[in-house]
Amino acid sequence: MKIGIFDSGLGGLIIAKAIKKAMPEYDYVYLGDTKRVPYGNRSHEAVFEFTKEAMNYLFKKENCGIIIIACNTASARALRRIQQEYLVEYNNTRHLMGEPERNILGVLVPTAEECAKYGRVGVLGTLGTISSNTFPSEIKKLNSKTIVFQNPAPMLVPLAEAGEKIMAKPFLQKYLKPFMNKKLEAVALGCTHYPFFKTEIKKMLPKSIKLISQDEIVPKKFKDYLVRHGDIEKRLAKKGTIKILLTDITPNITKLSQKWFGKTKPELIRL
Ligand code: DGL
């Protein structure tokens with residue numbers, strides 16, 4: 001069985017690359033819904049439906065034993081319902097056929113665990129992630145004393161996809177400004193695309209503020225998860241393969257995929 005990594009588009013490749021680097025022995029399938037990206041401004045229902053279709057594809061067509069939803073918007077707006085409705089039913093049906101249980105994880109809880117170590121935290125994310133309030137509620141569950149400040153940063157996804165670090169500077173300043181006088185101890189990047197601006201963001205924030213970036217924390221947390229879930233780990237294929245599946249491909253998409261992940265050629269699929 002393989003490890004599936006799902007994102008609304010290409011941003012999740014930054015996390016996929018970090019996961020593969022930390023655990024190169026496993027077989028990975030990355031699925032990016034490039035035809036329907038961005039999810040950030042869509043309704044709960046649309047994000048749920050799209051995410052469910054991707055989960056179905058990764059389980060049925062790619063035989064994934066476990067899927068990481070790298071997309072923060074999907075983790076915030078759809079993951080709980082996917083786990084409670086879709087996954088439970090999927091596992092119940094497959095159980096009758098003698099198949100082992102599969103699992104779906106998100107990136108929000110591991111990020112919240114990191115945020116909960118601090119007293120005052122800022123979170124940047126898409127409109128969908130921020131308006132869902134999932135980050136503050138997950139962080140508060142772990143540490144009720146942590147004060148969370150959130151700010152949506154909608155322009156950063158198109159700017160990252162256009163590879164625009166210089167043009168992004170005024171937007172980064174605008175999105176970070178509300179955090180500046182809040183005596184923050186940490187700022188979390190709650191979106192797949194934002195690690196692309198990590199160096200620029202670090203330069204803009206006071207040195208005392210810790211930057212929480214998912215490409216640094218998710219691989220470690222996932223490794224721990226596999227250690228704790230030996231039953232899942234032992235079923236995972238270990239040939240070190242990777243496949244990148246996208247729902248739309250253009251020369252520009254291929255270029256960005258290779259820039260963010262490496263030379264693996266993306267394959268076109270239909271969900
Ligand atoms: N993958 C999304 C996220 O992490 C960003 C892109 C989008 O809006 O779909 O929130």
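In this chain, residues are counted from 1 in sequence order. In each ligand, atom 1 is the first atom listed, and ligand 1 is the first ligand listed.
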(message) Can a donor-acceptor pair be found, under 3.5 Å and without considering hydrogens, that links the side chain of Thr134 to the backbone of Ala76?
(response)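 Yes: the side chain of Thr134 pairs with the backbone of Ala76.
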
(request) Answer yes or no: is there a donor N or O on one side and an acceptor on the other, between the side chain of Asp248 and the main chain of Lys35, under 3.5 Å? (result)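 No, the answer is negative, given that no donor and acceptor are paired below the 3.5 Å cut-off.
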
Taking only heavy atoms of [X], which atoms of ligand 1 are found under 4.0 Å from at least one of them?
{"X": "Tyr39", "answer": "7 (C), 8 (O), 9 (O)"}
{"X": "Val37", "answer": "9 (O)"}
{"X": "Cys191", "answer": "3 (C), 4 (O), 5 (C), 10 (O)"}
{"X": "Asp7", "answer": "1 (N)"}

(request) Answer with side chain, backbone, both or neither: which part of Asn41 has a heavy atom less than 4.0 angstrom from an atom of ligand 1? (result)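 The answer is neither; Asn41 stays 4.0 Å or more away.
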
(request) Check each heavy atom of Thr192 against ligand 1 and say whether those closer than 4.0 Å belong to the side chain, the backbone, both or neither. (result) both

(message) Under 3.5 Å between any N/O of His193 and any N/O of ligand 1: does that happen in this structure?
(response)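 Checking ligand 1 against His193, no N or O pair falls under 3.5 Å apart.
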
(request) Before signing off on this row, confirm whether Val157 and ligand 1 have an N or O atom pair separated by under 3.5 Å. (result)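 For ligand 1, there is no N or O atom that lies under 3.5 Å from one belonging to Val157.
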
(message) Ring-plane angle category for Phe196 and Trp260, please: parallel below 30°, perpendicular beyond 60°, tilted otherwise.
(response) tilted

Closest protein heavy atom (residue, atom, distance) for [atom]:
{"atom": "atom 8 (O) of ligand 1", "answer": "Gly40 N, 2.8 Å"}
{"atom": "atom 10 (O) of ligand 1", "answer": "Thr73 OG1, 2.6 Å"}
{"atom": "atom 6 (C) of ligand 1", "answer": "Ser8 OG, 3.5 Å"}

(request) Would you please indicate if the ring centroids of His229 and Tyr225 are separated by under 6.0 Å? (result)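 Centroid separation for His229 and Tyr225: below 6.0 Å.
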
(request) For residues Phe149 and Phe179, establish whether the separation of their ring centroids is below 6.0 Å. (result)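 Aromatic pair excluded; centres sit 6.0 Å or further apart.
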
(request) Quickly, which of Leu87, Ile67, Leu31 forms a side chain to side chain contact (heavy atoms under 4.5 Å, CB included) with Met55? Name it, please. (result)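 The residue from Leu87, Ile67, Leu31 that satisfies side chain to side chain contact (heavy atoms under 4.5 Å, CB included) with Met55 turns out to be Ile67.
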
(request) Give a yes/no on ligand 1: does Gly11 have at least one heavy atom closer than 4.0 angstrom to it? (result)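 Judged by the 4.0 Å heavy-atom criterion, Gly11 does not count as contacting ligand 1.
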
(request) Would you kindly say whether Asp215 and Ser213 are connected by a side-chain donor-acceptor distance under 3.5 Å? (result)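 Judged by distance alone, the side chains do pair up.
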
(message) Hydrogens and angles aside, do Asp7 and Tyr39 bring a side-chain donor and acceptor to less than 3.5 Å of each other?
(response) no

